[in-house]
Amino acid sequence: MSVLATVGAGRLYAVRAVFSCLWRGKYFSSGNEPAENYPVTPMLRHLMYKIKSTGPITVAEYMKEVLTNPAKGYYVNRDMLGEKGDFITSPEISQIFGELLGIWFISEWIATGKNAAFQLVELGPGRGTLLGDILRVFSQLASVLKNCDISIHLVEVSQKLSEIQALTLTEEKVLLERNAGSPVYMKGVTKSGIPISWYRDLQDVPKEYSFYLAHEFFDVLPVHKFQKTPHGWREVLIDIDPQVSDKLRFVLAPCATPAEAFIQCDETRDHVEVCPDAGVIIQELSQRISVTGGAALIADYGHDGTKTDTFRGFCGHRLHDVLIAPGTADLTADVDFSYLRRMSQGKVASLGPIKQQTFLRNMGIDVRLKVLLDKSDEPSLRQQLLQGYDMLMNPTKMGERFNFFALIPHQRLHGRNHQMNACQSKPSPSPVAGFGELAWR
């Protein structure tokens with residue numbers, strides 16, 4: 001579900017250092033669970049060998065190894081989504097979620113002058129459920145999009161998930177083209193006849209007029225964790241517990257580490273998480289959008305620079321200690337949207353973050369739910385629709401835990417289209433859907 005840019009801090013210590021103190025997470029990352037109740041996983045053996053060889057590792061390096069190691073990574077060879085997996089995402093809960101995002105992209109395409117072609121690029125597409133719902137909206141509004149040349153581009157590092165996406169999205173009668181050594185490692189045609197391609201890295205996606213989608217993508221990118229001490233900021237590292245065999249623990253670095261450069265000089269929190277990889281991806285998206293136009297829509301767990309320790313694990317839909325049985329649970333940390341905004345470096349305008357409940361209501365979820373309920377005579381389907389709506393909108397469930405954030409060209413807010421040509425109609429400076437109420441007619 002993620003594409004990881006190469007921005008590692010590398011090895012910090014050639015030999016084992018003496019650490020001044022341990023560190024215990026306040027919320028989810030305690031490291032206190034008894035290890036004897038859990039198996040010694042292949043990933044744990046790999047990490048212990050690594051730490052014994054080179055010394056304690058950063059939380060970012062730990063996350064990257066646990067999630068995307070080519071041989072043993074959590075995301076690489078399994079389907080972790082849905083009821084039988086470790087977590088469920090919004091598209092798996094209700095079709096309405098994806099339908100409204102499809103409307104968002106069409107709304108932005110219209111507002112920026114109905115370009116003759118656009119790429120829809122999704123980062124970390126999961127099972128392809130969300131994109132399937134979006135493409136269904138594109139088909140239903142084919143009369144609106146009839147003169148537009150659309151192509152789909154998926155950025156996915158997991159071979160297992162890319163196969164599931166292909167089953168979900170592509171036409172069975174058209175054979176997939178596969179080339180493992182190519183930047184475009186798979187090509188096909190969607191069920192509605194749209195060209196679709198798979199990449200391992202955003203850098204390989206053509207730099208054309210594009211709409212980008214990242215749903216629950218940034219929260220799995222590796223974070224560095226820092227604790228404020230009387231001696232200044234100290235990075236939280238992961239070491240082998242000398243008291244218990246086959247167990248890991250958190251420790252504090254004895255001195256400054258390279259990733260400390262990402263902390264703001266006026267930071268007031270006593271604990272922060274920074275994600276250099278997210279910064280690299282936001283810079284790439286911002287550069288592309290500023291040059292070629294389009295927009296990026298990001299939906300994720302997150303905050304606006306206010307939270308501290310959010311690093312946690314999920315296994316079987318339950319919170320899981322991040323240091324126990326690595327490789328068997330998803331690892332995640334809330335997205336710091338203030339950091340994403342800062343990393344756009346003013347090249348584009350940013351909107352949000354706003355709560356999912358507000359965004360979906362602005363997009364007309366209540367209207368769409370009523371239409372679907374009116375069309376359904378089946379009690380079980382009506383109940384499913386209502387339960388899905390409650391999960392998406394209830395403040396105690398997903399309604400206030402998820403946020404929406406967008407990157408758009410500066411000229412979009414002023415009604416000036418990028419690269420206007422004679423075939424395009426002049427747009428008006430309409431509000432950006434979702435971030436203000438749509439006018440329903």
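As a basis for the values below, the full set of heavy atoms in this structure was taken, side chains included, without hydrogen atoms, waters or symmetry mates.
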In the structure I gave you, are the side-chain heavy atoms of Ile134 and Leu213 within less than 4.5 Å of one another anywhere?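 When only atoms from C-beta onward are counted, Leu213 and Ile134 do touch, with a gap below 4.5 Å.
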Kindly say whether the aromatic ring centers of [X] and [Y] come within a distance under 6.0 Å.
X	Y	result
Phe226	His271	no
Phe405	Phe337	yes
Phe402	Tyr301	yes

Using only atom types and a distance under 3.5 Å, with no angle test, would you say the side chain of [X] pairs donor to acceptor with the backbone of [Y]?
X	Y	answer
Lys397	Met391	no
Glu267	Arg269	yes
His46	Lys50	no
Thr41	Pro326	yes
Trp198	Lys187	no
Lys191	Thr168	yes
Asn115	Phe118	no
Glu156	Ser158	yes
Ser107	Ile103	no
Asp300	Val335	no

Smallest heavy-atom separation, Leu340 atom then Ala278 atom, equals CD2-CB, 4.0 Å
Can you confirm whether more than 12 heavy atoms, excluding those of [X], are under 6.0 Å from its [atom1] atom?
X	atom1	answer
Arg136	CZ	yes
Asn179	CG	yes
Gln384	CD	no

Under 4.0 Å between a side-chain nitrogen and a carboxylate oxygen: does that hold for [X] and [Y]?
X	Y	value
Glu284	Arg288	yes
Glu108	Arg412	yes
Arg312	Asp334	yes
Glu273	Lys307	no
Arg127	Glu163	no

Exercise: do Glu208 and Ser210 side chains pair donor with acceptor under 3.5 Å: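 No, no side-chain donor-acceptor contact under 3.5 Å.
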What orientation do Phe211 and Phe105 show, parallel under 30°, tilted 30 to 60°, or perpendicular over 60°?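 The arrangement is tilted - the two ring planes meet at 30° to 60°.
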Which word best sums up how the rings of Phe359 and Trp104 line up, parallel for under 30°, tilted for 30 to 60°, or perpendicular for over 60°?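 Because their plane-to-plane angle lies in the 30° to 60° range, the rings of Phe359 and Trp104 count as tilted.
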Hits for side-chain contact (heavy atoms from CB on, under 4.5 Å) against Lys370, two or more places apart or cross-chain, chain-then-number order -> Asp374
Would Ile51 and Ile57 count as a side chain to side chain contact (heavy atoms under 4.5 Å, CB included) if you check the C-alpha gap in whole Å, the side-chain angles of each, and the deciding distance to 0.1 Å? CA-CA 7 Å; Ile51 292 169; Ile57 59 175; 4.2 Å; yes
If you draw the axis of the six-membered ring of Tyr185, does the NZ or CZ of Arg200 fall within 45° of it and under 6.0 Å from the ring centre? yes
